[in-house]
Amino acid sequence: MPTTMGTSLPPVTPRPGSRGGMYPLEAPQDRGSDHPFDTPFSIMQTMQAELIKLREDLRIEMHERKTEVAALKNEIQELREVIRRDELKQQGDADRLTNTIKDLQKKEDNDWRTTRRDMEADFAKRTTCVEHSALSSRVDDNTAEIQKCRDDTFKTIKELQERIDANSQGDNEFAQSMQKELLEQRSRLDKNAENDQIFEETVVAQLRMAGHLLQAAGVKERIPESSAGGAKLPASAASGGTMVPAAAPRK
C-alpha cells in the first residue's frame with residue numbers, strides 16, 4: 001500500500017528511551033516495505049504537528065494575555081491611587097467646610113444673643129416708668145392736644161361747608177336775577193316789535209292816503225291849466241296836500 005506522506009510506520013515494538021507524545025515519531029529506515037498502518041500514522045503525525053502548533057499559539061496567547069493583565073493591574077492600581085487621593089482631598093474639603101459652617105453657626109448664635117440682649121436692654125430702658133405722675137401728665141397733655149387738633153379740624157370743615165353753602169346760594173340768586181332780567185328784555189323786545197308793526201301799518205296807510213290826495217289834486221289842476229294856459233297850484237297842493245300825522249314814538 002503506498003503512503004500519502006512518503007513515510008512508513010516504525011516497528012510494532014516501541015523503542016526504549018522514547019518520550020512518547022512530545023515529538024513526532026521517526027519513520028523507519030526501510031523505505032521499500034509497505035506497512036498497513038502508514039495512512040493512520042501519517043494522519044496522526046499531521047495531527048501531532050497541528051497540536052504542537054496549537055500549543056505554541058496557546059503559549060504566545062497566554063503570554064500576551066499575561067502582559068495585558070499586568071498592564072491592566074498597573075492601570076487599576078494607578079486609578080485606585082488617583083481615587084484615593086481624590087477621596088482624601090474631598091474629605092479634607094468636607095472637613096474644612098464643616099468646620100467653617102460650625103464656626104459661622106457659633107458666630108451667628110453669638111451675634112443673635114448679643115443683639116437680643118442689646119434690644120431687650122434698649123426696650124427696657126425706653127419702657128421703664130420712673131415716675132408715674134409724670135407719665136400720667138404727659139398722657140393727659142397728649143390727649144388734650146389731640147382733642148384740640150380734632151376740634152380745630154371740625155371747625156375748619158364747618159367753615160368750609162358754610163362758605164360752600166353761601167357760594168351755592170349766591171349762585172342761585174345770581175341765576176334767578178339773570179333769568180328775570182332776560183325775561184324783562186324779552187318782553188321789551190316783543191313790545192318794540194309790536195310798536196314797529198303798528199307804526200309800519202299807520203305810516204303805510206297815511207302814505208297811501210296822501211298819494212291818492214295828491215293824485216286827485218293833480219287831475220283837478222290839469223283842467224284849468226289846459227284852458228288858461230296854466231295856473232298856479234292851489235294852496236293845498238302847493239303846501240304839499242294833506243298833512244301826514246306823526247308816527248307814534250317807539251318805547
Just verifying a value: how many Å separate [X] [atom1] and [Y] [atom2], rounded to the nearest 0.5 Å?
X	Y	atom1	atom2	result
Glu108	Gln105	CD	CD	9.5 Å
Arg80	Gln77	CZ	CD	6.5 Å
Ile43	Asp38	CD1	CG	11.5 Å
Arg55	Ile60	CZ	CD1	14.5 Å

Show me the donor-acceptor pairs, under 3.5 Å and distance only, between side chains in residues 149-159 and residues at least two apart or in other chains.
from: Asp151; atom 1: OD1; to: Gln147; atom 2: NE2; distance (Å): 3.3
from: Thr153; atom 1: OG1; to: Cys149; atom 2: O; distance (Å): 2.7
from: Thr156; atom 1: OG1; to: Asp152; atom 2: O; distance (Å): 2.9

Sequence neighbours excluded, which residues qualify as salt bridge (charged side-chain N to carboxylate O under 4.0 Å, His left out) partners of Arg59?
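Checked Arg59 against salt bridge (charged side-chain N to carboxylate O under 4.0 Å, His left out); matches are Glu56.
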Residues that Arg186 engages under salt bridge (charged side-chain N to carboxylate O under 4.0 Å, His left out), provided they are two or more places apart:
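Partners of Arg186 by the salt bridge (charged side-chain N to carboxylate O under 4.0 Å, His left out) criterion, ordered by chain and then number, come out as Asp190.
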If you look only at pairs with a residue in residues 62-74, which of them pass as a side chain to side chain donor-acceptor pair (under 3.5 Å), with sequence neighbours excluded?
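Of all non-adjacent pairs touching residues 62-74, those that pass side chain to side chain donor-acceptor pair (under 3.5 Å) are Glu61-Arg65.
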Quick one: are Asp118 and Asp122 in side-chain contact, heavy atoms under 4.5 Å?
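No, side chains not in contact.
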Return yes if some donor-acceptor pair links the side-chain N/O of Thr46 with the main-chain N/O of Ser42 below 3.5 Å, else return no.
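Answer holds: yes.
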Using the test side chain to side chain donor-acceptor pair (under 3.5 Å), find all partners of Asp140 that sit at least two apart in sequence or belong to another chain.
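Asp140: no side chain to side chain donor-acceptor pair (under 3.5 Å) contacts found.
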Side-chain donor-acceptor distances from residues 83-92 under 3.5 Å, at least two apart:
from: Arg84; atom 1: NE; to: Glu81; atom 2: OE1; distance (Å): 3.4
from: Arg84; atom 1: NH2; to: Glu81; atom 2: OE2; distance (Å): 2.3
from: Gln91; atom 1: NE2; to: Asp95; atom 2: OD1; distance (Å): 3.3

